[in-house]
There are 2 protein chains.
Amino acid sequence: MPDFDSAFRALADPTRRRIIELVAHRGMTAGDIASHFRTTRPAVSQHLTVLRNAELLSERREGRTRIYQANPKTVDEVVQHLQSFWSGRLQVLKRQAEREERQQRDRQ
Amino acid sequence: MPDFDSAFRALADPTRRRIIELVAHRGMTAGDIASHFRTTRPAVSQHLTVLRNAELLSERREGRTRIYQANPKTVDEVVQHLQSFWSGRLQVLKRQAEREERQQRDRQ
DNA sequence: ACGACTTGTAAGCTTTGGCTTACATAAGCG
DNA sequence: CGCTTATGTAAGCCAAAGCTTACAAGTCGT
């Protein structure tokens, strides 16, 4: 079970979100990931630490490189948690909002 | 279309996430919301501003009160965006991870 | 053992973020 | 018109976060 607090905090940074997208499909080495950004390599390394602590990425060592890959289970749980905010009322409220929007449009 | 950056940043704070849960079902006045927290009312008011700017809440004025309610459309879009990180590979990777976990368990 | 390569960590700086107190604004009520 | 109620805004403070440079720690090849 992930810590939602650290997960949401990790997702707050745009660089970290881009990192997750990068390694969603396949694993990549730390240096390879860093090369996709303008910031320095240590900065990216720190982002990787944050993402790993949030269990959004998994790390495996291979020779002298470290390979990072997204941890789909955690992201999935974050999505589930976000959806549970609405506890099934999402659809209801959405329809309600659309209805109100329609009424407002029709009034004009 | 919401600004994902401000939305994710808004969700990074635990108090703000609790606020969203509070007003997911029904609208509540600013003071009513603030009474659910230990922090001062102005602090909560600032959180409400952040959430409104991220379009996660909608505000309507009623007399001398302001009523806040979650904006399901934006939350929904954030969820969609998170899921799109995986572009359909979520299930694949999840099964893969579970398979690896099983293998690792069986090895012990 | 040595040198190059890959990566993480420490220290320090600057910006951002959240909190508090004090003040401003605006609506309702007598 | 004052007075109260409901709320937002401004100023200032402190902690957290992100960046950079410098350094440490493994790993591979010769």
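Quick note on labels: first sequence line is chain A, next is B, and so on, each numbered from 1. For clarity, every value in this text was computed on a predicted model and none was experimentally measured.
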Study note, to complete from the structure: A:Ile33 CD1 to C:dT6 P, in whole Å, measures 15 Å

Name each donor-acceptor pair under 3.5 Å that joins a side chain in residues 40-47 of chain B to protein atoms two or more places apart or in another chain, with its distance.
from    : atom 1 : to      : atom 2 : distance (Å)
B:His47 : ND1    : B:Arg16 : NH1    : 3.1

Check your understanding: So what does B:Phe37 hit on the nucleic acid, given a heavy-atom distance under 4.0 Å: a base, only sugar-phosphate, or nothing?
Key -> nothing

Check your understanding: Contact class for B:Thr65 vs. all strands (heavy atom < 4.0 Å): base, sugar-phosphate, or nothing?
Key -> sugar-phosphate

Practice item. Go through the steps for B:Ile19 and B:Leu57 under the test side chain to side chain contact (heavy atoms under 4.5 Å, CB included), then give the verdict. Key: CA-CA 9 Å; B:Ile19 290 176; B:Leu57 298 188; 4.1 Å; yes

Review point. What is the ring orientation for B:His81 with B:Phe8, classed by angle as parallel under 30°, tilted 30 to 60°, or perpendicular over 60°?
Key: tilted

Check your understanding: Within this structure, what is the CG-to-P distance between A:Leu51 and D:dG18, rounded to whole angstrom?
Key -> 10 Å

Point to revise | Rounded interatomic separation in angstrom, taking CZ from A:Arg9 and C1' from D:dA15 | key: 13 Å

Exercise for review: Give the rounded distance in Å between these two atoms: CG of B:Leu11 and C1' of C:dG17.
Suggested key: 16 Å

Point to revise | Interatomic distance where CZ belongs to B:Arg18 and C1' belongs to C:dG18 [whole Å] | key: 16 Å

Check your understanding: Between B:Asp13 and B:Arg17, is there a salt bridge with N-O shorter than 4.0 Å?
Key -> no

Check your understanding: Think A:Thr29 has a side-chain N or O under 4.0 angstrom from the OP1 or OP2 of C:dT7?
Key -> yes

Exercise for review: Summarise protein proximity over nucleotides 19-30 of chain C in one line of letters, 5' to 3': B for base, S for sugar-phosphate only, - for none, counting protein heavy atoms closer than 4.0 Å.
Suggested key: BBBB----BS--

Review point. Quick one: is A:Tyr68 getting a side-chain N or O under 4.0 Å of the C:dT6 phosphate, OP1 or OP2?
Key: no

Review point. Checking side chain to side chain contact (heavy atoms under 4.5 Å, CB included) for the pair A:Leu11/A:Leu56: CA distance, chi angles, key distance, verdict?
Key: CA-CA 9 Å; A:Leu11 289 170; A:Leu56 285 163; 4.1 Å; yes

**Study point:** Non-hydrogen side-chain atoms of A:Thr29 and A:Arg66 separated by less than 4.5 Å
**Key:** no

Review point. Which part of the nucleic acid, if any, lies within reach of B:Arg16 when heavy atoms closer than 4.0 Å are counted: base, sugar-phosphate only, or nothing?
Key: sugar-phosphate

Review point. What is the distance from CG of B:Asp32 to P of D:dT5, rounded to the nearest Å?
Key: 17 Å

